[in-house]
Amino acid sequence: MELIHYPYLPEGRIIQYVPESNPFIQEAKEYSREHSLDRKVPTGSVIVKDGAVIGRGANGSDYHKTHECERVKQKIPTGQGYELCEGCHPKNHSEPKAVADAQAHGHDTNGADLYLYGHWWACEPCWNAVIAGGIKNVYLMEGSERIYNREHPDSRVGKDFA
């Protein structure tokens with residue numbers, strides 16, 4: 001297996017992979033399709049504990065419909081400066097939304113797993129939310145480092161639900 005160089009990965013943490021057919025990745029995909037407000041890079045996360053989904057989140061806000069992205073205007077690299085743009089702000093990312101959803105419904109997220117569809121890594125603010133929520137493992141879809149990396153020739157960014 002090739003070594004993946006993530007833009008960010010906290011010390012002591014790893015990303016695990018499951019096939020696209022995994023039921024929790026499929027649920028994150030469907031949640032993304034139905035609820036993401038970001039049509040270019042729709043992502044969805046589900047929090048799973050004891051075999052059951054206890055939280056869901058999708059990314060996006062409607063800010064970019066009427067405003068330019070501050071990060072794009074300033075040519076800020078991926079994974080940086082999310083707080084500079086209301087539309088990109090970490091509060092609008094699927095991972096913290098899923099943790100917040102689970103906790104808002106009275107679920108203990110400590111020891112749970114997070115399944116993330118539509119992305120190939122998690123940014124520092126999202127990892128911070130995952131760690132603060134006590135999430136044990138983060139799972140991505142096999143091949144996501146190619147499929148959701150805009151720089152890769154196999155990228156399908158913006159084409160998932162077209």
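Just so you know, these numbers use all the heavy atoms, side chains as well, and skip hydrogens, waters and symmetry mates.
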* Are any side-chain N or O atoms of Thr109 and backbone N or O atoms of Ile135, one a donor and one an acceptor, separated by less than 3.5 Å? -> no
* Has the side chain of His93 got a donor or acceptor atom that lies under 3.5 Å from a matching backbone atom of Cys88? -> yes
* Is Lys40 reaching over with its side chain to a backbone N or O of Gly158, donor-acceptor style, under 3.5 angstrom? -> no
* When rounded to the nearest 0.5 angstrom, what distance separates CD in Gln103 from NE2 in His105? -> 12.0 Å
* Asked: Between Arg156 and Asp160, is there a salt bridge with N-O shorter than 4.0 Å?
  -> yes
* Glu83 side chain to Pro90 main-chain N or O, any donor-acceptor pair under 3.5 Å? -> no
* Asked: Side chains of Glu20 and Gln26: closer than 4.5 Å at any heavy-atom pair?
  -> yes
* To do: Please check if atom NZ in Lys65 has more than 12 non-hydrogen atoms from other residues, nucleotides or ligands closer than 6.0 Å.
  => no
* To do: Measure the shortest side-chain to side-chain distance between Ser36 and Asn59 over non-hydrogen atoms and say whether it is less than 4.5 angstrom.
  => yes
* Distance-only, no hydrogens or angles: does the Arg146 side chain make a donor-acceptor pair with backbone N or O of His152 under 3.5 Å? -> no
* For the atom pair CD1 (Ile47) and CD1 (Ile54), what is the distance rounded to the nearest 0.5 Å? -> 6.5 Å
* Asked: Is a side-chain donor or acceptor of Arg13 paired with a backbone partner of Val138 at a separation under 3.5 angstrom?
  -> no
* Are Ser155 and Ile147 close enough that some pair of their side-chain heavy atoms sits under 4.5 Å apart? -> no
* **Distance in Å, Lys29 NZ paired with Asn22 CG, rounded so as to fall on 0.5 Å steps** => 12.5 Å
* **Non-hydrogen atoms of Tyr17 and Ile4 that approach each other most closely** => OH-CD1, 3.3 Å
* Is Arg71 reaching over with its side chain to a backbone N or O of Pro77, donor-acceptor style, under 3.5 angstrom? -> yes
* To do: Search all heavy atoms of Phe161 against all heavy atoms of Arg33 and return the closest pair with its distance.
  => CD2-NH1, 3.2 Å
* To do: Following the transitive rule for hydrophobic clusters with a side-chain heavy-atom cut-off under 4.5 Å over Ile, Leu, Val, Met, Phe, Trp and Tyr, establish whether Leu84 and Tyr8 coincide in one cluster.
  => no
* Check the hydrophobic clustering (I, L, V, M, F, W, Y; side-chain heavy atoms under 4.5 Å; chains of links allowed) and say if Tyr31 and Met141 are grouped together. => no
* Do Tyr63 and His89 have their ring centres less than 6.0 Å from each other? -> no
* Structure fact -> SG of Cys126 to OH of Tyr82, rounded to nearest 0.5 Å, is 7.5 Å
* Structure fact -> Tracing side-chain contacts under 4.5 Å among Ile, Leu, Val, Met, Phe, Trp and Tyr outward from Leu37 reaches none
* Asked: Does the ring centre of Tyr117 sit less than 6.0 Å away from the ring centre of Tyr139?
  -> no
* To do: Using a strict 4.0 Å threshold on nitrogen-to-oxygen distance, state whether Lys49 and Asp108 make a salt bridge.
  => yes
* Asked: Between Ile76 and Val72, is there a shared hydrophobic cluster once you connect ILVMFWY residues whose side-chain heavy atoms come closer than 4.5 Å?
  -> no
* Do any N or O atoms from the side chain of Asp38 and from the backbone of Val41 form a donor-acceptor pair under 3.5 angstrom? -> yes
* **Stepwise side-chain hydrogen bond (donor to acceptor under 3.5 Å, both in side chains) check, Ser61 with Glu86** => CA-CA 8 Å; Ser61 79; Glu86 179 63 26; 5.8 Å; no
